[in-house]
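See structure below.
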There are 2 protein chains.
Amino acid sequence: MTTTRREQILDTAATLFAERGFHGVSVHDIGSACGISGPALYKHFAGKDDVLTQSLTSISQRLLDEGRSRSRAAGSPDAALGALIAWHIEFALSHPALIVIQEREWANLRVEGRREVRALQLAYIDIWVDVLRRLRDDLDAAEARAAVQATFGLLNSTPHSARISATAMQSRLWTMARSALLA
Amino acid sequence: MTTTRREQILDTAATLFAERGFHGVSVHDIGSACGISGPALYKHFAGKDDVLTQSLTSISQRLLDEGRSRSRAAGSPDAALGALIAWHIEFALSHPALIVIQEREWANLRVEGRREVRALQLAYIDIWVDVLRRLRDDLDAAEARAAVQATFGLLNSTPHSARISATAMQSRLWTMARSALLA
DNA sequence: ACGTCAGGTTAATGACTGTTAACCTCACAG
DNA sequence: CTGTGAGGTTAACAGTCATTAACCTGACGT
């Protein structure tokens with residue numbers, strides 16, 4: 001695999017941020033975990049903030065793109081909902097650190113980046129809301145949005161538990177999310 | 001209301017920790033938000049760590065005590081589950097900052113405090129697991145625990161959404177949690 | 001052969017951190 | 001009265017932080 005230094009930094013920084021929080025990690029920590037040391041980070045990023053910003057935007061973009069594509073590919077609203085749930089679970093299980101920082105560290109972004117990430121997150125939510133409301137005409141937009149965000153909480157809980165096998169967790173979360181949304 | 005300075009510090013510190021994370025808040029920030037300044041905090045706590053520790057243990061203790069009492073007071077496993085869900089929602093909706101730091105900042109505790117908080121959290125989870133397994137004999141202990149933690153994720157998501165009225169949110173979360181657990 | 005430049009290095013910087021020390025004030029028990 | 005202790009204050013501490021500056025190396029196009 002051809003991981004550039006840049007990607008390596010983003011990866012290890014995400015892990016460290018997930019463990020100790022943005023302010024709990026120093027640039028020395030990040031560099032050190034990459035085999036380089038401290039200020040070398042500035043050859044690839046404008047600063048520590050920039051590392052977080054790039055992480056969060058790339059995560060949000062990826063969730064959005066794949067979610068949109070899988071939802072479109074589905075034949076029915078019901079299939080689309082199932083596909084969205086499966087995709088989110090797949091991502092959360094394979095990238096727990098990214099899920100953690102995406103839901104916890106966006107308050108540490110500077111205004112510009114925060115707006116961008118927020119917009120991407122809202123677009124992702126909207127995909128879910130559209131699909132859900134096609135299956136539940138009793139929900140108005142605000143209620144549907146609340147239900148979707150609650151479901152994200154459910155699916156994003158994996159990093160905090162994870163005692164059973166990945167496949168068992170996968171199918172259990174899928175069932176729980178589906179019945180929570182359609183209840 | 002008779003809020004002592006000590007309680008005031010715990011309260012405002014919890015809010016600040018929830019907003020910017022433990023390392024993102026200085027003792028000057030905390031004191032300043034209380035109308036006192038900086039080192040005055042040491043007249044009430046052994047240090048910054050101590051503030052977080054006291055916060056988290058008191059939160060976990062309170063969740064556990066009330067959860068245990070409400071679960072015992074219920075007439076049936078089904079009623080007990082409903083009561084547990086209602087209690088957790090009630091707490092999460094009225095103390096969003098406490099919910100946030102309880103699920104996010106326990107890694108910043110020193111070993112002793114971390115063990116204590118972890119034990120309280122596990123005891124709380126066990127109450128839920130016992131009730132759930134009385135209703136679902138198809139779940140082994142590990143699966144039930146995973147399901148309960150996923151439900152916590154769902155219920156704890158309120159601080160990140162909350163656009164609809166409290167009562168609407170309350171009943172929606174209740175329904176979602178119940179059907180997720182019993183699916 | 002050679003300049004250039006991407007990607008490292010260490011040293012230095014000023015700001016900010018948690019914590020301690022030394023001092024002040026005032027309510028109030030004796 | 002008086003003195004004592006709870007609950008404040010500011011000043012000073014050693015460390016750590018993100019960031020910049022100045023310098024080094026080696027691959028590589030020409």
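Lettering follows sequence order; numbering is per chain, from 1. In this text the structure is predicted, and so the values were computed from the model without any measurement.
- For the residue pair A/Ala13 and A/Val51, the shortest heavy atom distance occurs at CB-CG1, 3.7 Å.
- Each of D/dA18, C/dT19, C/dT17 was ranked by its minimum atom distance to the side chain of B/Val27; first place goes to C/dT19.
- Distance alone, capped at 3.5 Å, places no donor-acceptor pair between the A/Arg163 side chain and the B/Ala146 backbone.
- At a threshold of 4.0 Å, the pair B/Arg68-B/Asp126 does not count as salt-bridged, since none of the basic side-chain nitrogens sits closer than that to a carboxylate oxygen.
- The phosphate of D/dG8 has OP1 or OP2 within less than 4.0 Å of a side-chain N or O from B/Arg5.
- The interatomic distance linking B/His23 (NE2) with C/dC16 (C1') rounds to 15 Å, in whole Å.
- With hydrogens and angles left out, the side-chain atoms of B/Ser32 and B/Asp29 include no donor and acceptor closer than 3.5 Å.
- Heavy atoms of other residues, nucleotides or ligands lying less than 6.0 angstrom from CZ of A/Arg134 number 12 at most.
- Taking every side-chain heavy atom of A/Ser37 into account, C/dT9 is the closest of D/dC17, D/dG8, C/dT9.
- As rounded to whole Å, 16 Å separates atom C1' of C/dT25 from atom CD1 of B/Ile36.
- Neither OP1 nor OP2 of D/dG7 sits under 4.0 Å from any side-chain N or O of B/Arg6.
- Partners of A/Glu116 under the side chain to side chain donor-acceptor pair (under 3.5 Å) rule, at least two apart in sequence or in another chain, do not exist in this structure.
- If you take CG of A/Asp29 and P of D/dT19, they are 14 Å apart, rounded to a whole angstrom.
- Non-hydrogen atoms lying under 4.0 Å from DNA chain D are contributed by B/Pro39, B/Ala40, B/Lys43, B/His44, all within residues 38-58 of chain B.
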